[in-house]
Amino acid sequence: MRAKTVSTTYRRIYRTVRRIPHGRVATYGQIARLAGFPNHARLVGYALHALRGADDLTVPWHRVINARGEISLNEFSGADLQRKLLRAEGIAFDRRHRINLNRFLWDK
DNA sequence: CAAGTGACTAGTG
DNA sequence: CCACTAGCCACTT
C-alpha cells in the first residue's frame, strides 16, 4: 500500500488539474507552471502517480499527457484506460496513439 | 544519509 | 522525427 502523504504541494497540483476542462488535455509541464512550479513537470507526474487507484476522477488525471501529445503510462499500467477515458470526451488519437495538441491542448 | 527511480522537458545534433 | 543529455525533485531503499 502506498502511504498517502498528501502535501500542500500535491494539493496545489491536484487543484490545477481539476481546472482542465472536459474534452481538453494539458501537459505535465503546463500543469507545473500553472500550479506555480515552473520546470517541475516531473513533480506533477509523481503527484498523479500517487493518485492511481484513488477515488477515481475527483481529479481528472487522464487529461494530463506529455509534451509530445502521448500518454506517458505504459500499456501495462493503464494506458488503455486513459485512452478510453479521453476518447469518451471526444479527444482523437492518430495512428500512433498521439493527440494533436494544436487541437486539444487546454490553452491560453 | 547516499543512491536509485520516475505518469517530464527543453535543448542539441 | 529520433536519440541522448542535463536539470528538477519527492519519495523509497
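A, B, ... follow the sequence lines: proteins, then strands. Residue 1 opens every chain. All of these numbers come straight from a predicted model, not from anything done at the bench.
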| Contact pattern, 5' to 3', of nucleotides 2-7 of chain C - B, S or - by protein heavy atom under 4.0 Å | S----B
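A search for side chain to side chain donor-acceptor pair (under 3.5 Å) contacts involving A:R68 returns A:E70, not counting sequence neighbours. Not a single salt bridge (Lys or Arg N to Asp or Glu O under 4.0 Å) links A:R87 to another residue, sequence neighbours left out. With sequence neighbours excluded, no residue forms a side chain to side chain donor-acceptor pair (under 3.5 Å) with A:T27.
If you check residues 15-27 of chain A against DNA chain B, the residues with a heavy atom closer than 4.0 Å are A:T27, listed by number.
Comparing C:dA10, B:dA7, B:dC8 by their nearest atom to the side chain of A:Y10 picks out C:dA10. For A:H40, taking side-chain heavy atoms from C-beta onward, the closest of the listed nucleotides C:dC8, C:dT12, B:dA7 is C:dC8. Of all nucleotides listed (B:dT9, C:dT12, C:dC9), B:dT9 comes nearest to the side chain of A:A67.
Between the side chain of A:R63 and the main chain of A:I20, a donor-acceptor pair closer than 3.5 Å is present. Remark: the backbone N or O of A:V64 is paired with a side-chain donor or acceptor of A:Q82 at under 3.5 angstrom.
Counting any heavy atom pair closer than 4.0 Å across all strands shown, A:L48 reaches a base atom.
Residue A:Y46 places no side-chain N or O under 4.0 Å from the OP1 or OP2 atom of C:dT12.
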Without placing hydrogens or testing angles, list every side-chain donor-acceptor pair under 3.5 Å for residues 91-99 of chain A, not counting sequence neighbours.
from, atom 1, to, atom 2, distance (Å)
A:D94, OD1, A:R96, N, 2.7
A:D94, OD1, A:H97, N, 3.1
A:D94, OD1, A:R98, N, 2.8
A:H97, ND1, A:R83, NH1, 3.4

